[in-house]
Amino acid sequence: MGSAVLGEAISSIRDWSVTEAKEPRGPRATEAFGSLVFNDEVQQTRLPKPIYHALRRTMSHGQQLDGSVADAVASAMKEWAVEHGATHYTHWFQPLTGITAEKHDSFLSPTGDGRAVAEFSGKELVRGEPDASSFPSGGMRSTFEARGYTAWDPTSPPWLLKSGNSTTLVIPTAFVSWTGEALDKKTPLLRSMEALSWQAIRILRLFGSTAERVITTCGPEQEYFLIDRYFYLSRPDLINAGRTLFGAKPPKGQELEDQYFGAIPDRVMAFMSDVENELYKVGVPVKTRHNEVAPSQYEIAPVFENANVATDHQMMMMETLKRTAPKYGLACLLHEKPFAGVNGSGKHVNWSMSDDEGNNLLGPGANPHDNMQFLVFCTAVIRAVNKWQGLLRASIASAGNDHRLGANEAPPAILSIFLGDMLTDIFEQIEKGGAKSSKHGGELDTGVLVLPKLPRDAGDRNRTSPFAFTGNKFEFRAVSSNQSIGYPNIALNVAVTESLDYMATELEKATRAGKKLEAAVAELLPKVIKENKRIIFNGNNYSREWEIEAGRRGLQNLKNTVDALPQLVTKDVIAAFAKYKILNARELHARYEVMLETYNKTVNVEGQLMVLMANRYILPAAFNYQTSVAQSVTAVKSAGGRSVEGKKTLDALTKLTDELKRRTDKLAGALDHEGNGSAEKHAKHFRDTIVPAMAALRETGDALELMIPHEIWPLATYREMLFIK
């Protein structure tokens, strides 16, 4: 089977190079960008001025639309969509499954004379009613309690989805139950952004700002793998689990570091270009593409946007990557660790805050030590990450990310902040009594006359840090490639909201008592820095020494999902979410239950798959080769010879085959676990028993792969999947 699959993959590459490369080029990116979006330009053109301004006030200040405005917007939106060929619309939402959901309804409405007209009312735009019974609710809703509502989010512009021969108007929405409880990720994200804005404005008012609103912004970098689709279809584990459960290390991996930023293969480049063109049309501002560290690993990244829109765009990006790959005979793998032994994939979320006057609140300016406002906001983030490190860790916890966090490739499970030399120096001076100067980068002389002198940053970068300051933003590097960025954004917003609240309260108290703002800041910052400086670490986060040092500092080291998830429902976290009206205790517990259940189901599926693959794929191949070797040994013996090496091979093969069967049966038995109905007990059993049993079974299966001939081995190998492009 291996040879047949390999031949099909090579044929698909050859066939693509002959046909697909000759497709005509599409429109320029500048012409295509936003062409399928009901954006500001379209709104200005199609909406009466009063309606347009009412809609903009809703988007910028959160004012509700009245029915007449909603009807006018819906009518214009429908006409625009129909002109582009749309026949249906859908309320697009993000349930607790981790993916997106949509139910399509037709614009067509029958008339009394047997004809039909296209209709779309403000009521249909503003509210939908999908069946909520089969979505995860964490116990908030029973299966028979089916009513749920989708509510239009006017801050995220609708767009047109062209798929097959159909065009659909996609309307981003929130998703809540009949009881009003949030069943999605958008609702708490929007609530958290409102809460942060309110607290940030309190601080800006102290500095004399006239800004009325603060938004969080982010730009998530998406890493992914591409392999030939024939290899993907030959691997049950990739199809059903998203990662390889068996797979021996290839002779060549990423040791030579020749993939990173290397030349992009033609077929991959064509795929990337197609993805970018599709994303441009729906207004996703993708900016960067390049080869990543591992073989067949790549990255795509957008520019900064409003965090709510960026979250929607991120989900659209993942869907577009997966939908486009088959056109080029490829499969896109978004799992955090699809291949053992090479780098996994993350989704670095670059996060900041901006006011409605266009000012980045985490921009240090030319003289950070004199930028008092920046120092207050940056200190608030440092305090937030230190105080709420458990919440942040839980927001990125999953069975997939357990394979990545802590490995020698990605940030560890310990949360810490990298500030760089300049900011670290400034904060050390503040703690001692005031910032008098700051380090400067100057210029870098390359030593080559023809090359220009390069501006040098005041500090280096640290790719091992899970939360790093990178000039005018923080980069949350521990987020996983396969997850929505909704949870990490919510967690960051809650943490920073509470911290801004604390800072604002202290500064307001001091200024009301008659202190000047400068004196109040000079008194507050050293105290906050001293209390939270343990979270700052500029060294190698991968080292064993840091793990020991972090323990001495009292930092949390929640090494896996089962350890991390309870942080979502601690007393302090529940109180903070409730105080800022982001999620109530019931809604928060529901998310804990859903994430725990997802962990259990994920590991169970993987365990069942391993048993199936061992019994149906690897054992038959091992027995086949065992028979072949045994016949060879017997033939040599019958001819009067001695097959010493053949006997050794047969003995080793028999030993490994027997061990594989024993470990398969052991895993199968361990998977039959009741756990007394407790999700927590199930999770601990999966972590402590199933995961180690899977690792042991894999070790034996991979050893057999290295013994069994290629023409007998039934699965595509790492050597093929990662290097045949």
Side-chain angles (χ1 to χ4, degrees), residues 5 8-9 12-13 16 20 23 97-100 161-164 220-245 247 254 259-260 262 264-282 284 286-302 313-340 342-348 398 400-401 403-404 479-485 602 716 718 720-725:
V5 172
E8 294 286 359
S12 73
I13 295 171
W16 174 85
E20 300 295 334
E23 287 190 354
T97 55
I99 57 176
T100 60
L161 171 65
K162 290 184 176 288
S163 179
E221 305 167 19
Q222 176 72 59
E223 295 174 342
Y224 60 95
F225 281 81
L226 288 175
I227 65 170
D228 190 272
R229 188 164 174 79
Y230 281 100
F231 294 145
Y232 171 80
L233 294 175
S234 76
R235 298 280 316 207
D237 44 6
L238 285 178
I239 294 173
N240 293 283
R243 74 180 184 99
T244 52
L245 302 175
Q254 63 188 58
Q259 161 80 4
Y260 195 43
I264 301 173
D266 288 348
R267 182 160 61 149
V268 174
M269 181 68 84
F271 160 81
M272 288 179 168
S273 179
D274 198 348
V275 167
E276 289 168 350
N277 287 335
E278 292 303 309
L279 292 174
Y280 289 152
K281 292 174 187 176
V282 294
V284 182
V286 289
K287 178 78 171 178
T288 303
R289 64 186 181 204
H290 64 82
N291 284 3
E292 256 301 332
V293 176
S296 290
Q297 187 185 35
Y298 309 94
E299 181 178 297
I300 182 172
H313 282 173
Q314 170 59 210
M315 300 305 293
M316 295 158 61
M317 181 185 293
M318 289 194 291
E319 292 173 0
T320 303
L321 287 167
K322 290 187 288 187
R323 188 173 62 245
T324 305
K327 291 171 59 177
Y328 296 89
L330 298 167
C332 178
L333 308 178
L334 295 175
H335 193 281
E336 296 81 0
K337 192 75 170 179
F339 300 102
V342 299
N343 275 18
S345 296
K347 182 148 47 192
H348 306 163
S398 68
N401 221 13
H403 297 286
R404 176 176 164 265
V479 181
S480 67
S481 59
N482 202 31
Q483 74 172 116
S484 162
I485 61 173
T602 299
Y718 277 26
E720 296 159 345
M721 289 187 288
L722 291 174
F723 293 99
I724 295 179
K725 304 178 183 183

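All residue numbers in this chain count up from 1 along the given sequence. Computed from a prediction, not measured in an experiment: that's the story for all the values here.
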- prompt: So how far is it from Arg243 CZ to His335 NE2, rounded to the nearest 0.5 Å?
  reply: 5.5 Å
message: Show the nearest heavy-atom pair for residues Ser234 and Ala716, with the distance to one decimal.
response: OG-CB, 3.5 Å
message: Would you compute the distance between atom NZ of Lys725 and atom CG of Asp228 and round it to the nearest 0.5 angstrom?
response: 12.5 Å
statement: One should read off an interatomic distance between Ile724 CD1 and Ile227 CD1, to the nearest 0.5 angstrom, of 11.0 Å
message: Suppose we screen for ring-ring contact (aromatic ring centres under 6.0 Å, His included). Which residues come up paired with Phe225, at least two apart in sequence or across chains?
response: Phe339
message: Looking at every heavy atom in both Thr244 and Ala340, which two are closest together, and how far apart are they?
response: OG1-N, 4.4 Å
- prompt: So how far is it from Ile99 CD1 to Asn482 CG, rounded to the nearest 0.5 Å?
  reply: 10.0 Å
- prompt: Only one of Glu223, Glu336, Lys337 clears side-chain hydrogen bond (donor to acceptor under 3.5 Å, both in side chains) with Ser480; which?
  reply: Glu336
- prompt: Can you tell me how far the CG atom of Leu333 sits from the CG atom of Leu226, to the nearest 0.5 Å?
  reply: 7.5 Å
task: Taking Ser484 for its side chain and Gly98 for its backbone only, find out whether a donor-acceptor pair lies under 3.5 Å.
output: no
- request: Name all residues meeting the side chain to side chain contact (heavy atoms under 4.5 Å, CB included) criterion together with Gln314; count only those two or more places apart in sequence or in a different chain, and write none if there are none.
  value: Pro220, Gln222, Met317, Met318, Lys347, Ile485
task: Determine whether the side chains of Gln297 and Ser345 contain a donor N or O and an acceptor N or O closer than 3.5 Å.
output: yes
message: Please determine whether side-chain contact (heavy atoms from CB on, under 4.5 Å) holds for the pair Val275 and Met272, giving the CA-CA distance in whole Å, both sets of side-chain angles, and the decisive distance to 0.1 Å.
response: CA-CA 5 Å; Val275 167; Met272 288 179 168; 5.7 Å; no
- request: Only counting residues at least two apart or in another chain, list the ones meeting side chain to side chain contact (heavy atoms under 4.5 Å, CB included) with Thr602.
  value: Ala399, Thr598, Glu606
- prompt: Do the non-hydrogen side-chain atoms of Leu161 and Arg323 ever get within less than 4.5 Å of each other?
  reply: yes
- prompt: Got a donor-acceptor contact below 3.5 angstrom from the Tyr224 side chain to the Lys322 backbone?
  reply: no
- line: d(Met721 CE, Arg235 CZ) to nearest 0.5 Å is 4.5 Å
message: Any side-chain to backbone donor/acceptor pair from Asn343 onto Val293? Under 3.5 Å, distance only.
response: no
task: Apply the test side-chain contact (heavy atoms from CB on, under 4.5 Å) to residues Arg289 and Met269: give CA-CA distance (whole Å), side-chain angles for both, the deciding distance (0.1 Å), then the verdict.
output: CA-CA 9 Å; Arg289 64 186 181 204; Met269 181 68 84; 3.6 Å; yes
message: Give me the atom names and distance for the closest heavy-atom approach of Ser296 to Leu722.
response: OG-O, 2.7 Å
field: Heavy-atom side-chain proximity of Val342 to Tyr718 below 4.5 angstrom
entry: no
query: Is the closest side-chain heavy-atom distance between Pro326 and Tyr232 below 4.5 Å?
result: no
- request: Examine distances only and state if a side-chain atom of Asp274 and a backbone atom of Ala270 form a donor-acceptor pair shorter than 3.5 Å.
  value: no
